[in-house]
Amino acid sequence: MKHGLVVDDSAVIRRVAKRILELMGFDSTEVDDDVKTLDRCSEAMPDVILLDWNIPGVDCIELLRKLRRMPGSEAATIFYCATENDPMMIGRALRAGADDVLLKPFDLRTVQEKLEDLGATGRQAQAS
């Protein structure tokens, strides 16, 4: 089964994003900080990661770089989730390893379309 990871400091956003992934057939996990994110990804790299751009006390661009240095990350699709359409921030996220950006609020259709644009389940499909 495909696995998704939702990284956000908001419990409401985590629940909504987790539900979206589950409707797409992903077994999903929620975490709220960088330590839990890295621990979860070191256990087993998820197929899709929804990473919030603003977690208090965390440099999310650096967290994204750390994720991309982990074994198995080349097969993961990472969406950098933002509330603003800031070209500078989006550029930094893409250079740090994000596959794409999801602007909040996003819905099931948006996530499905982004994954389809990246090729089925993103990098996983390209790596197979």
Side-chain angles (χ1 to χ4, degrees):
M1 175 175 266
K2 300 177 291 184
H3 189 79
L5 180 65
V6 178
V7 184
D8 202 297
D9 59 315
S10 166
V12 172
I13 297 294
R14 285 194 313 270
R15 280 193 300 269
V16 169
K18 179 180 179 185
R19 181 69 180 138
I20 288 170
L21 290 176
E22 288 172 345
L23 288 170
M24 295 175 59
F26 288 85
D27 176 35
S28 298
T29 304
E30 306 171 35
V31 295
D32 60 0
D33 67 28
D34 55 336
V35 174
K36 292 174 191 166
T37 300
L38 294 171
D39 286 348
R40 173 64 186 92
C41 290
S42 67
E43 291 170 10
M45 185 60 66
D47 299 292
V48 173
I49 301 172
L50 304 181
L51 175 63
D52 185 31
W53 75 284
N54 187 21
I55 299 172
V58 176
D59 179 343
C60 291
I61 292 289
E62 184 55 32
L63 176 56
L64 180 53
R65 288 184 185 115
K66 287 179 182 177
L67 287 170
R68 280 299 182 207
R69 289 191 295 263
M70 296 180 80
S73 68
E74 66 282 350
T77 299
I78 302 178
F79 289 110
Y80 202 65
C81 303
T83 56
E84 301 172 17
N85 190 7
D86 178 345
M88 296 275 295
M89 183 274 303
I90 291 170
R92 287 185 66 215
L94 294 173
R95 286 189 302 277
D99 291 289
D100 207 340
V101 174
L102 282 171
L103 292 177
K104 293 178 182 179
F106 50 83
D107 59 13
L108 173 65
R109 183 174 166 198
T110 303
V111 178
Q112 285 176 321
E113 288 174 357
K114 292 268 188 180
L115 282 172
E116 287 171 8
D117 288 347
L118 291 170
T121 57
R123 290 178 184 248
Q124 180 184 16
Q126 295 169 3
S128 318

Report task. Determine, step by step, whether Asp8 and Arg15 satisfy the salt bridge (Lys or Arg N to Asp or Glu O under 4.0 Å) criterion, reporting the C-alpha distance in whole Å, the side-chain angles of both residues, the deciding distance to 0.1 Å, and the verdict. Result -> CA-CA 10 Å; Asp8 202 297; Arg15 280 193 300 269; over 6 Å; no

Query raised in the report: Do you reckon Leu115 sits in the same ILVMFWY cluster as Val6, going by side-chain contacts under 4.5 Å, direct or chained?
Result: yes

Query raised in the report: Above 12 or not: heavy atoms from other molecules or residues under 6.0 Å from CZ of Arg109?
Result: no

Query raised in the report: Are any non-hydrogen side-chain atoms of Ile49 and Cys41 less than 4.5 angstrom apart?
Result: yes

Report summary line: Residues at least two apart in sequence or cross-chain that pass salt bridge (Lys or Arg N to Asp or Glu O under 4.0 Å) with Asp100, listed by chain then number, are Lys114

Query raised in the report: Do Ile61 and Tyr80 come within less than 4.5 Å of each other through their side chains, counting heavy atoms only?
Result: yes

Query - Pairwise distance OG1(Thr110) to CZ(Phe79) - rounded to 0.5 angstrom - result: 10.5 Å

Query raised in the report: Is there a path from Leu63 to Leu94 through hydrophobic residues (I, L, V, M, F, W, Y) whose side chains come within less than 4.5 Å of each other?
Result: yes

Report summary line: Here the pair of heavy atoms bringing Ala76 nearest to Met45 is CB-CG, 3.9 Å

Query raised in the report: Going hydrophobic residue to hydrophobic residue with side-chain gaps under 4.5 angstrom, can you get from Val31 over to Leu64?
Result: yes

Query raised in the report: Ser42 versus Met70: any side-chain heavy-atom pair under 4.5 Å?
Result: yes

Report summary line: Rounded to the nearest 0.5 Å, the CG atom of Leu50 sits from the CG atom of Leu5 at a distance of 8.0 Å

**Report entry** Any residue meeting salt bridge (Lys or Arg N to Asp or Glu O under 4.0 Å) with Arg40, in chain and number order, not counting sequence neighbours
**Finding:** none

Requested in this report: Would you check if the side chain of Arg14 reaches a backbone N or O of Glu30 as a donor-acceptor pair within less than 3.5 Å?
Outcome: no

Query raised in the report: Do Val48 and Thr77 come within less than 4.5 Å of each other through their side chains, counting heavy atoms only?
Result: yes

Requested in this report: Could you list the residues that satisfy side-chain hydrogen bond (donor to acceptor under 3.5 Å, both in side chains) with Lys36, not counting sequence neighbours?
Outcome: Asp32

Requested in this report: Report yes or no: do Val35 and Ile78 belong to one cluster of Ile/Leu/Val/Met/Phe/Trp/Tyr joined by side chain heavy-atom distances under 4.5 Å?
Outcome: no

**Report entry** Asp34: salt bridge (Lys or Arg N to Asp or Glu O under 4.0 Å) partners, not counting sequence neighbours
**Finding:** none

Requested in this report: State, with a plain yes or no, whether a side-chain heavy atom of Leu67 is found less than 4.5 Å away from one of Leu38.
Outcome: yes

Query - Heavy-atom donor-acceptor pair, Arg65 side chain to Ala96 backbone, under 3.5 Å - result: no

Query - Heavy-atom pair of closest approach, residues Ala82 and Met89 - result: CB-CE, 3.3 Å

Name each donor-acceptor pair under 3.5 Å that joins a side chain in residues 17-29 to protein atoms two or more places apart or in another chain, with its distance.
from  : atom 1 : to   : atom 2 : distance (Å)
Thr29 : OG1    : His3 : NE2    : 2.9

Report summary line: So side chain to side chain donor-acceptor pair (under 3.5 Å) across residues 82-95, not counting sequence neighbours, yields Trp53-Thr83

